[in-house]
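Okay, handing you the structure first.
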Amino acid sequence: MSRYEPSVIEPKWQQAWDDAQVFEAKRDPLKPKYYVLEMFPYPSGRIHMGHVRNYTMGDVVARTKAAQGYSVLHPMGWDAFGMPAENAAMERGGHPRDWTEGNITEMKAQMKPLGLSIDWSREIATCRPEYYGQQQAMFIDMMEQGLVYRKNAVVNWDPVDMTVLANEQVIDGRGWRSNALVERRELTQWFFKISDYSGELLEALDGLTHWPEKVRLMQANWIGKSQGLQFAFDTVGAPAGFDRLKVYTTRPDTLMGASFAAISPDHPLAKALESDPKIAEFVARCRKGGTSAEEIETAEKIGFDTGVRVKHPLNPDWELPVWIANFILMDYGTGAIFGCPAHDARDFEFATKYRLDIKSVFIAEGAEDAPLTEAFVPMKSEPVHYVRGFSGAAVQTGDAAVAAAIAHAEAHGYGKGVTNYRLRDWGISRQRYWGCPIPVIHCESCGVVAEKKENLPVELPYDVTFDIPGNPLDRHPTWRNCTCPNCNAPARRETDTMDTFVDSSWYYARFTAPHAKTPTVAEDADYWMNVDQYIGGIEHAILHLLYSRFFARAMFKTGHLPAKAIEPFNALFTQGMVTHEIYKTTDANGRPVYHLPEEVTFVTAGSEKIRTVLWKDVFPEGRGNLSDLEVVKPLLDYAVKPTNRFVEVIPSAKMSKSKKNVVDPMNIIAAFGADTARWFVMSDSPPERDVEWTASGAEATFKHLSRVWALCSRIGEMPADHKGEGDDELLRATHKAIAEVTAGIEGFAFNKAIAKLYEFTNAIARSSASTQVLQEAIRTLAKLMSPMTPHIAESIWTFQGGEGLCAQAPWPKADPALLVDDTVTLPIQINGKRRAEISVPKDMSPADVEKIALANEDVVRFLAGQPVKKLIVVPGRIVNVVV
RNA sequence: GCGGGCGUGGCGGAAUGGUAGACGCGGCAGACUCAAAAUCUGCUAUCGCAAGGUGUGUCGGUUCGAGUCCGACCGCCCGCACCA
């Protein structure tokens, strides 16, 4: 074997795998199946280290499962719709489709050299009619099932770009691109009825036992179940049609502390009152407020007394004022509340500002009913003393009091217990070109009608321009024109497109039959679903994963997925980011200046453990030492003083172009090969945590792989019949490695699996065993390394006489008999402190172990004749002597 | 405010309640070399000449035995947030 040259072996093996179609997924009734999926990328045009880490993890799982005898599905596709393509068209000209397809070609070309075991015959892109046409078909099915509807909704409207903006695109109340003040405008929008599934999506979380607890909690909080009382006030002096005002509360036990009612500025009653110019003006003022978290947090609570009154449900003579308040949300509960300032922080603030009554309903046990300086809001599980209760005992917990109050309301017929969810319906309308057209038609006589399925896909027109703001579909000369599927009269197409989250909500199902003429094919979906292991970033913990869970249910309801697939992802793994240090200096004006890693030099000061980073021109050769500093001191003084050449190192941060701490995977592959990149991103940190990319770590990985290569050569040069020493020892090490590496991979502890591979490599290198045993060991090493470093593994496998391709060889099995040593070393503790060590046969009886332990001379010395009170022997583990 | 997570050498990190620091990085020393690089070997938590002592954010508890379990605190990180 010659030198280790990744640039030679990597393309060679990739070609060999392609030729043998090793990664093509086939339905095989004789094998169990395994579906591994990594969250598919947005085709930005460049892959980054995060992609490398994500796809390598999936690849390790896919290759291991394939070797373990599973029929594996490991596909890849492109989340290809979305605004960056349109922005690029606006900024640079060109067409979103050309830009996107070009990026897909480029990114695929960058992914191929990684040697991933992907079935590229199943590649999909959400922007192609083959994909989004099927999405439109499902949209129509969902309409029929009542899962889709239109309603007016308040949205962020950019008056300059003439488009709806997502909340994240509104920065300080202005459009992120146009910088125009964003308006809250009411538009007719399309919605998916995800709220129909609130309860089910919440309860089913319990069954997702192979999901991270954190993700399940985040989803549970997002769905936000609460139980409370809904009741209606009788109104006094309200406009016609508003005889009653419905409110929702989770604290009906505080009803006797009510001092006002309040409605959202978007409440129908507020609208009915807008004939009063003062009210109209107030409502307009409320709508101006920004929607960002900070603004909401710091926003002052403002209110306006409408003059309308409501009667307290427990006492018709008791009237409360109705206010419009900016902090009441229209789309939660009923959009109206009753205010109990004593036991709600917001109501307290509001009541204090507008001098409304603050009356305690309950007080801490043993406390006085004194005026409050802030709202008293104890845990609902805590017992308190009710001074103005109306149901249940005087001393009870909040939980008990709430239940008693609901029972009271239901018994007296003024309200009922209801369950409320924070989760809102999913608004999917986007006034954008580069998305999946919503396949409906507006007809003057028939209204809103679904397009006929045989007319699908409703394709995006190519001849559009982006030189003026707004949705190009709206101003296309002919695209909107169509005929009504019902009455054949001339009609107009819907020009809204779907949120790109819709595209990614079912791609996992499409991969089971990526080119079918229907969204899915029953037998393929039956065979391949569910995704056995899904891998991606934590940033998708809520939206993407919740939408997908909803969509799988909708696909079941519309007959596109089997019942077993309503939870589509059996196991989820969320991986950490790839980070890098940032190198910063300051310019003459005090502004930060960032430097690329290759622009700085590391100077180490030996045992003093100081690391200083300097601009590269101080040590142009790329490395330096403090002793060298003495030599270059004059130069350094010159360099440091006038130009501030010491570089500040900002530890481990997300890779970002502006901070110049990005490492391009293509450069790493060019310098060290894909195997080095793959091994390093898996080796240094647990996969769920961030991993810091370091140049020294990458170099060290390359050196290690080179060592393995050299070791393979050495073994290859040994005479085949050479008899050596320590065969049994190496055989045991081999089987231990099999057991430990397998456990590491299966437990998603890739860093530990790699640590074991280092140990095993060192064991082989030290061994002077017989040629045959060494060969068997290094072939096993190659197979165990192959999920992480498939190319070098393939070379070693072939060189050492492995049969066929390593990629198709079965996973080795550990012999349990070889995993336990005949003798074990037992530490002996005296009063819990380690004092000695004995070596005993592994199955020696505890009684014999005791004898040997007590006879040990170190033990005798430490005991110094003290009587032994207790002796604990944990077989195979430890001996503890208590005196 | 609500919810969750994490604190272990110079660094990344290992440790089913059972020898704390595996493995890697960095560092030190040595071999090879005219020399450097590369490579190889050894050492590397800390105090101490040693015997031995001390060490997993802090304080306390459970246990024969605690990095691990329990309680309080300190610090850092993440998610949600005017949700009635």
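A, B, ... follow the sequence lines: proteins, then strands. Residue 1 opens every chain.
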On the nucleotide A14(B), are OP1 or OP2 found under 4.0 Å from the side-chain N or O atoms that Asn751(A) carries?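 Checking Asn751(A) against A14(B): at least one side-chain N or O falls below 4.0 Å of OP1 or OP2.
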With no angle test and no hydrogens, is the base of U16(B) tied to the side chain of Arg877(A) by a donor-acceptor pair under 3.5 Å?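 Side chain to base: pair found, below 3.5 Å.
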Can you tell me how far P of G5(B) sits from CD of Glu688(A), to the nearest Å?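 Answer to the nearest Å: 14 Å.
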Residue mapping more 5' on RNA chain B - nearest nucleotide basis, Ser226(A) or Glu213(A):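 Going by which nucleotide is closer to the 5' end, it is Glu213(A).
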Which listed nucleotide (A14(B), A81(B), C78(B)) is nearest to the side chain of Trp222(A)?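 Out of A14(B), A81(B), C78(B), the nucleotide with an atom closest to Trp222(A)'s side chain is A81(B).
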By the 4.0 Å heavy-atom rule, please label Asp331(A) as base, sugar-phosphate, or nothing.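 Touches nothing.
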Specify whether Phe231(A) and Phe338(A) have parallel, tilted or perpendicular ring planes, treating 30° as the upper limit for parallel and 60° as the lower limit for perpendicular.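 Correct class here is tilted.
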Where the side chain of Arg422(A) is concerned, which of C82(B), C64(B), A81(B) is the nearest nucleotide?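 Nearest to the side chain of Arg422(A) among the choices is A81(B).
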Going by purine N1 to pyrimidine N3 plus the second Watson-Crick contact, or the G-U wobble pair, all under 3.5 Å, which nucleotide sits opposite G21(B)?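 Paired with no nucleotide.
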When you measure from the side-chain N and O atoms of Tyr758(A) to the phosphate of G24(B), is any distance below 4.0 Å, counting only OP1 and OP2?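 Tyr758(A) to G24(B) OP1/OP2: no side-chain N or O under 4.0 Å.
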Which part of the nucleic acid does Ile328(A) contact within heavy-atom distance under 4.0 Å: base, sugar-phosphate only, or nothing?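 Base, at least one base heavy atom under 4.0 Å.
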Where does the angle between the aromatic ring planes of Phe702(A) and Phe672(A) fall among parallel (under 30°), tilted (30 to 60°) and perpendicular (over 60°)?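 Aromatic pair Phe702(A)/Phe672(A) classed tilted.
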Any base atoms under 4.0 Å from Tyr248(A), or only sugar-phosphate, or nothing? Heavy atoms, all strands.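 Contact class for Tyr248(A): base.
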Identify whether NZ of Lys or CZ of Arg in Arg422(A) sits under 6.0 Å from the centre of the six-membered ring of Trp222(A) and within 45° of that ring's axis.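 Ring-cation test returns yes.
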OP1, OP2 of C64(B) versus side-chain N and O of Arg834(A): anything below 4.0 Å?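 No.
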Under the ring-ring contact (aromatic ring centres under 6.0 Å, His included) rule, what do Phe748(A) and Phe750(A) come out as? Steps first, then yes or no, please. CA-CA 6 Å; Phe748(A) 261 77; Phe750(A) 305 120; 5.0 Å; yes
With respect to the side chain of Gln829(A), which nucleotide from U54(B), C83(B), U19(B) is positioned closest?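 Closest of the options to the side chain of Gln829(A): U19(B).
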Distance check, P atoms only: A20(B) and G67(B), in whole angstrom units.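 Approximately 8 Å lies between the P atom of A20(B) and that of G67(B).
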With a 6.0 Å cut-off on the ring centroids, do Trp323(A) and Phe304(A) count as close?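 No, they do not, as the ring centres are separated by 6.0 Å or more.
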Let's test your reading of the model: under 3.5 Å, does the base of C23(B) pair with the side chain of Lys752(A) as donor and acceptor?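 Between C23(B) and Lys752(A), which were checked side chain against base, a qualifying N/O pair under 3.5 Å is absent.
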Which nucleotide in the set C23(B), U19(B), C83(B) lies at the smallest distance from any side-chain heavy atom of Thr825(A)?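 That would be U19(B).
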Is G9(B) syn or anti, taking syn as a glycosidic angle within 90° of 0?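 Because its glycosidic torsion lies within 90° of 0, G9(B) adopts the syn conformation.
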Taking pairing as Watson-Crick or G-U wobble with both contacts under 3.5 Å, can you name the mate of A15(B), or confirm there isn't one?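 Partner of A15(B): none.
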Is there a Watson-Crick or G-U wobble partner for C2(B) with both distances under 3.5 Å, and if so, which one is it?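 Per the H-bond distance test, G79(B).
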Using a heavy-atom cut-off of 4.0 Å across all strands, would you classify Arg216(A) as base, sugar-phosphate, or nothing?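 Touches nothing.
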Examine Lys301(A) relative to Phe327(A) and say whether NZ or CZ is less than 6.0 Å from the centre of the six-membered ring and inside a 45° cone about the ring axis.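 Ring-cation test returns yes.
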Polar contact flag, side-chain donor to acceptor under 3.5 angstrom, Gln575(A)-Arg689(A):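 No, because no side-chain N or O of Gln575(A) sits under 3.5 Å from a partner of the opposite role on Arg689(A).
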Using a heavy-atom cut-off of under 4.0 Å over every strand shown, decide if Glu837(A) touches base, sugar-phosphate, or nothing.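 Glu837(A): base contact, heavy atoms under 4.0 Å.
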Distance below 4.0 Å between Arg346(A) side-chain N/O and A84(B) OP1 or OP2: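 Checking Arg346(A) against A84(B): no side-chain N or O falls below 4.0 Å of OP1 or OP2.
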Mind checking who A50(B) pairs with, Watson-Crick or G-U wobble, both distances under 3.5 Å?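 Checking every strand shown, A50(B) finds no partner, since no pair has both distances under 3.5 Å.
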With nearest nucleotide decided by heavy atoms, which residue, Asn221(A) or Phe338(A), maps closer to the 5′ end of RNA chain B?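 So the residue in question is Asn221(A).
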Using a cut-off of 4.0 Å on non-hydrogen atoms, how would the nucleic acid contact of Arg766(A) be classed: base, sugar-phosphate, or nothing?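 No contact.
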According to the Watson-Crick and G-U wobble definitions, with both distances under 3.5 Å, which nucleotide is paired to A29(B)?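 In the structure as shown, A29(B) has U41(B) as its Watson-Crick or wobble partner.
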Measure from the side chain of Phe862(A), starting at C-beta and using heavy atoms only, and say which of G12(B), G52(B), A84(B) lies closest.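 Looking only at heavy atoms from C-beta outward on Phe862(A), the closest nucleotide is G52(B).
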Classify Lys703(A) by what it touches in the nucleic acid, base, sugar-phosphate, or nothing, heavy-atom distance under 4.0 Å.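 Touches sugar-phosphate only.
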Between G17(B) (C1') and Ile872(A) (CD1): distance, integer Å: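 Atom-to-atom, Ile872(A) to G17(B), this comes out as 12 Å.
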How would you label the contact of Val874(A) with the nucleic acid (heavy atoms, under 4.0 Å): base, sugar-phosphate, or nothing?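 Counting heavy atoms under 4.0 Å across all strands, the contact made by Val874(A) includes a base.
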Any base atoms under 4.0 Å from Glu692(A), or only sugar-phosphate, or nothing? Heavy atoms, all strands.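 Glu692(A): no heavy atom of the nucleic acid under 4.0 Å.
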Selected nucleotide, minimal atom distance to Ile542(A) side chain, candidates C23(B), U54(B), G79(B):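 For the Ile542(A) side chain, the nearest candidate turns out to be G79(B).
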What does C59(B) pair with, Watson-Crick or G-U, if both distances are under 3.5 Å?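 For C59(B), the partner nucleotide comes out as G71(B), under the 3.5 Å rule.
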Is the gap between the ring centers of His343(A) and Phe362(A) under 6.0 Å?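 So the answer is yes for these two rings.
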Options C83(B), G79(B), C78(B), nucleotide nearest the side-chain atoms of Tyr332(A):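 Nearest to the side-chain atoms of Tyr332(A), counting from C-beta on, is C83(B).
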Options C64(B), A22(B), C82(B), nucleotide nearest the side-chain atoms of Glu759(A):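 Of C64(B), A22(B), C82(B), A22(B) is nearest to the side chain of Glu759(A).
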How would you label the contact of Ser683(A) with the nucleic acid (heavy atoms, under 4.0 Å): base, sugar-phosphate, or nothing?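 Nothing, no nucleic acid heavy atom in range.
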